[in-house]
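Everything quoted here is computed from the prediction, not taken from an experiment.
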Amino acid sequence: MRRPPSGRSPVLDSGLAGPLSASCSSSWPFSRRQCLDLLQSRPSLSALKQIHARTLRAGVPVSSADLGKHLILAIATLPSPLVAYAERVFCLICRPSVFTYNTIIRLHAESDSPGPALPLLPRMLAAGLWPDTHTYPFLLKACAKLLYGRDGKVIHGRAVHDGLAVGSVFVQNSLLHLYAACGLFESAHQLFEEMPVRNLVTWNTIINGFAINGRPNEALTLYRDMMTPRPPSTEEQPAVQDPVEPDGFTMVSLLSACAELGALVLGRRVHVYLWKVGLDRNSHVGNALIDLYAKCGTIGDARKVFDEMAHTRTAVSWTSLIVGLAVNGFGKEALGLFGDMGRAGLSPTEITFVGVLYACSHCGLVDDGFRYFDRMRMDYGIAPKIEHFGCMVDLLGRAGLVDRAYSFILGMPMEPNAVVWRTLLGACAMHKRTDLGEAAWARLEQLDPGHSGDFVLLSNLYASDRRWEDVHRIRRSMVKGE
DNA sequence: TGGAGAATTG
């Protein structure tokens, strides 16, 4: 048997090239075609490495564009792709094709650090290769993940120049997602208006993009447009598109926009619609409904939705209702539900504990709060995050234990953020503790100045002390925006 | 050959 042409193989040397599975090992050596077919059969990582090794031993050169292409594609379709492995193979290929470039760009774009995807475009161009309609969605995905709006616009320009932006709904949907993710709503809207073809992905992308980026009103308007057929075609206008039916994703985005606006009447109408089309049985939609009703203060409706979800409840459903009960002042019920959740065999998440601690805080259950705080780590292995520490400060502060809240902050294992100090300032205002209020204010001025609510809290504190000079000083600096 | 969006709870 011949050694691979390049000498060392990372696979052979790492000892991973054990015997292939029974189905493959009997008829070795495979033809080159068979190797490529095996690579296309979605092998597992270990099978893939074995095929790679065998291919090398069969004398297929490492630099073979054909082998490299299929290897990289096989790596890209693994459940958890190894970018470094693909990159090593990519570097060995003599003249990678557009297809191979696209695959390696995709691998980077889908990884946790998509940065290296972008320089591959100039490399392609330098190699005399033209991007195709597959290249742009991958590049734009990388930009969207990195929130690189400006790079995205440059790539948009290139796609237009290449004549690939207008004709491809894939490219346009990718651009739409990028602009929405980067908060470039004007660009998103303009592109959307100019799109000749819109599919369900288009609508979901723009509605969700607006809904989760603080533009719930636009999200609702777009949903209305989605459900309204475009005006009948005139001679100048192209033919009217077939209407697009919303799916569960659309409805979750829509409900979260309603929840953010507190649009209860509209939310109820949406609920009726969901019931009619059967989308209310989608558990994500159910969770969004619980959240909607909880945020609108109609906690009884949230409870009803939760009860009707008997067989589809997830930890999110339980958590949404626990948090909803807690913020609506039903702390005892929230804690009761937490117990039920455990008995139902579902594990709480870190957000569940935010709700639980909030419930304790509202009920003044300081000792229980500390018990839950400890149980988080002890019983569930969840390390408390800064939000949980913030809840504890709130718990102590509301109970009037402002000094304890302050020393709790000083003992935190992480740097307290503005939210934590603001919580303390709120507690000081509630319990008229000007001394500690000033300490919190000093930290807020450094961390996150200019919040009018903070000025109001501090000036109220001074007012309660009849320190009118200080009240005026704070109000003046608030007006000046210092 | 390969493609876009991808859920709710703080």
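Base engagement by A:H134 is indicated by at least one non-hydrogen atom pair under 4.0 Å involving a base atom. Backbone-only contact: A:D291 has heavy atoms under 4.0 Å from sugar-phosphate atoms and none from a base. At the heavy-atom level, A:D37 lies nowhere under 4.0 Å from the strands shown. Using a 4.0 Å heavy-atom distance criterion, A:T205 is classed as a sugar-phosphate-only contact. A:V354 comes within 4.0 angstrom of the backbone, heavy atoms only, and of no base. Contacts of A:K69 with the nucleic acid, taken as non-hydrogen atoms under 4.0 Å apart, include base atoms. Nucleic acid contact class of A:Y358 (heavy atoms, under 4.0 Å, all strands): none. Among the atoms of the strands shown, base atoms are found under 4.0 Å from some heavy atom of A:E350. As judged by a 4.0 angstrom heavy-atom cut-off over every strand, A:V323 is placed among residues touching the sugar-phosphate backbone only. The residue A:D394 sits apart from the nucleic acid: no heavy atom pair falls under 4.0 Å.
Classified by interplanar angle (parallel below 30°, tilted 30° to 60°, perpendicular above 60°), the ring pair A:H189/A:F192 is tilted. Ring orientation note: the planes of A:F373 and A:F408 are nearly perpendicular, at an angle over 60° on the 30°/60° scale.
For residues 133-175 of chain A, the ring pair (Phe, Tyr, Trp, His ring centres under 6.0 Å) pairs, not counting sequence neighbours, are A:H156-A:Y179.
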Please report the C-alpha distance between A:D280 and A:E308 in whole Å, then the side-chain angles of each, then the deciding distance to 0.1 Å, and finally whether the side chain to side chain contact (heavy atoms under 4.5 Å, CB included) criterion is met. CA-CA 10 Å; A:D280 61 329; A:E308 285 166 3; 5.8 Å; no
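Each of B:dT9, B:dA7, B:dA4 was ranked by its minimum atom distance to the side chain of A:F170; first place goes to B:dA4. Each of B:dA7, B:dA4, B:dT8 was ranked by its minimum atom distance to the side chain of A:V169; first place goes to B:dA4. Here B:dT8 is the nucleotide among B:dA4, B:dT8, B:dA6 with the atom lying nearest to any side-chain atom of A:A288.
Across A:P246 and A:L279, no two heavy atoms sit closer than the pair O-CD1, 4.1 Å.
Side-chain N/O atoms of A:N199 and base N/O atoms of B:dA4 include a donor-acceptor pair closer than 3.5 Å. Judged by atom type and distance alone, A:N282 reaches the base of B:dA7 through a side-chain donor-acceptor pair under 3.5 Å.
Residue-environment remark: CG (A:D112) stays at or below the threshold of 12 foreign heavy atoms within 6.0 Å. With a 6.0 Å radius and a threshold of 12 heavy atoms from other residues, nucleotides or ligands, A:E186 has its CD atom at or below the threshold.
Spacing between atom CG of A:N328 and atom C1' of B:dT9 amounts to 14 Å, rounded to whole angstrom units. The separation between A:R313 atom CZ and B:dA7 atom C1' is 20 Å, rounded to whole Å. Computed from coordinates, the A:L176 CG to B:dA6 C1' distance equals 15 Å when rounded to whole Å. The interatomic distance linking A:I351 (CD1) with B:dT9 (C1') rounds to 5 Å, in whole Å. Atom P of nucleotide B:dA6 and atom CZ of A:F249 are separated by 8 Å, given to the nearest angstrom. Atom-to-atom, CD1 of A:I212 to P of B:dG5 comes out at 12 Å; the value is rounded to the nearest Å. Look at CG on A:L73: it is 6 Å from C1' on B:dG2, rounded to the nearest Å. A:M341 has its CE atom 17 Å from the P atom of B:dT8, to the nearest Å.
Scanning residues 103-121 of chain A for heavy-atom distances under 4.0 Å to DNA chain B yields A:R106, A:E110.
Outside the 6.0 Å centre-distance limit, the rings of A:Y372 and A:F353 are not counted as a close aromatic pair.
Figure legend: A:K49 and A:Y85 shown as a cation-pi pair, the cationic atom lying under 6.0 angstrom from the six-membered ring centre and within 45 degrees of its axis.
At the phosphate of B:dT8, neither OP1 nor OP2 sits under 4.0 Å from any side-chain N or O atom of A:K295.
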